[in-house]
Engineer: 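Have a look at the structure that comes next, please.
The analysis underlying the following values was restricted to heavy atoms, covering all of them including side chains, and did not include hydrogens, waters or symmetry mates. Counting starts at 1 for both ligands and their atoms, following the listed order.
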Amino acid sequence: MYCRRYGRPPVDPVVLVKYLLVGYLYGIPSEHQIEERISDSIALRWHLGIDLDERVPDHSTISQLRRRKPSFHKVFRRLFETVVRQCIELGLASGRLTATDSTHVKANASRKSEYMVDMPVEPGVYWDRLDAYEEEGLEELARKTGKRRKKRTQPLKKTVRRDKKQVSHTDPEAGYLKRAGKPRGMHYLSHQTLDTDHGIILDVAVMPGDSSDIAPFLPQIERVKELLPIQAVAADSAYNSSLVQHELNQMGITLYSPPHKAGGTSGVEISSADFEYHSAEDAFTCPVGKALKLTSLSRTAHSLYWTYRASAKECQQCPLHSRCISESRHQQGRIIQRSYFHEARKIENQRRGTPEYREALRLRQIWCEGTFAIQKQGHNLTRLTRRGIAAAEDHCLLSAAAMNLKRMIKCIG
Ligand code: SF4
């Protein structure tokens, strides 16, 4: 819409999006280098519709566009979604088995400008879902035991889950990554869900590097479910929780995910496996036949548990006391916890170790880890040149769109 005779020449926004996409398709890390590459390449000039004697748009045009039109970034998600829809229409994704994983992308943040702040830990909608189940569980507890726990006046996240967090002045939205086997420092995490038929990436969610993997998982699966009917999803243990198992069960989606590594033991010889559950009475019996009755509903960061307690008096008189109760709790009765989502957990446990389970985890490893390796090597998914979570999301979406375009061309070609 610019006047052609005065001022700077206009550039078609389609050309600018293609211009950026060239960088992700060929793994060119900077906009300056993209400009040079297009100037020198007849094929790329043809692709962008720029004549041999025409000047390639200056790289600064892109940054000016971003500065003056913040809504421009919405184009990248629309572009990614359009490519995904085209892949689905071509039959390249069926939803038979999807797989989710995340990778770290280095933020453009200075290590020297890091400082510590006291921040609440917020796994977002994950805790909102858990809050709703907790309320439901407390009602059930009141019906079963006749006592109602005092209602929480403030959400758990504001009272309990506060943590010291490392923040960078240059990119305060990035998060400090501190995971075994990963580089330390300011990063973002790109969570990708892909279809294992042809490796088409169906959704991308970007989170700060210090966030939990579980937080974006369920919303991501819900978004993918709107695109195509998912039958099963494979994910590593970081995405596994009893709430996730329950929610996926409700959606009719099979989860293939290894369990979390066993945490610390209670330090006692008699484990929870030695206690027998009686569904009719909703109670456990211990190895000497004493009853453990339902007393409360406990909440952790990721799940809810029914708590069953033995009588402290009976335990103190028991000959197995030293083998059943740890030194630190010797004056109390034995406690056993049962997941609030135990039905979903039971179904998931039965699935573990089956040939379908092993095959799903094998495909997850091949497609997810293989795709990240290709994106890191040739599609700019290693480090960010811009700052902020919106820029990180644009970056990861363009890398995924380039990957999908290549796989689409390969499959239909
Ligand atoms: S210590 Fe308590 S719970 Fe454990 S076996 Fe003895 S009575 Fe049962």
Engineer: Can the ring centroids of F341 and Y133 be said to lie less than 6.0 angstrom from one another?
Structural biologist: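 Aromatic pair counts; centres sit under 6.0 Å.
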Engineer: Which side-chain N or O atoms in residues 18-25 pair as donor and acceptor under 3.5 Å with protein atoms at least two apart or in another chain?
Structural biologist:
residue: K18; atom: NZ; partner: H47; partner atom: O; Å: 2.9
residue: Y19; atom: OH; partner: P57; partner atom: O; Å: 3.0
residue: Y24; atom: OH; partner: H395; partner atom: ND1; Å: 2.9

Engineer: With a 6.0 Å cut-off on the ring centroids, do Y340 and H246 count as close?
Structural biologist: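 Here the rings of H246 and Y340 have centres that are no less than 6.0 Å from each other.
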Engineer: Donor-acceptor pair, H302 side chain versus S242 backbone, under 3.5 Å?
Structural biologist: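 It does not hold such a pair.
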Engineer: Distance below 2.8 Å from atom 4 (Fe) of ligand 1: how many protein N/O/S atoms qualify?
Structural biologist: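 With waters ignored, the protein N/O/S count below 2.8 Å is 1.
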Engineer: Tell me, yes or no, whether the heavy-atom count around K144 atom NZ, taken from other residues, nucleotides or ligands under 6.0 Å, exceeds 12.
Structural biologist: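 Yes.
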Engineer: Is a side-chain N or O of T196 found less than 3.5 angstrom from the main chain of L97, in a donor-acceptor match?
Structural biologist: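 Such a contact is found between T196 side chain and L97 backbone.
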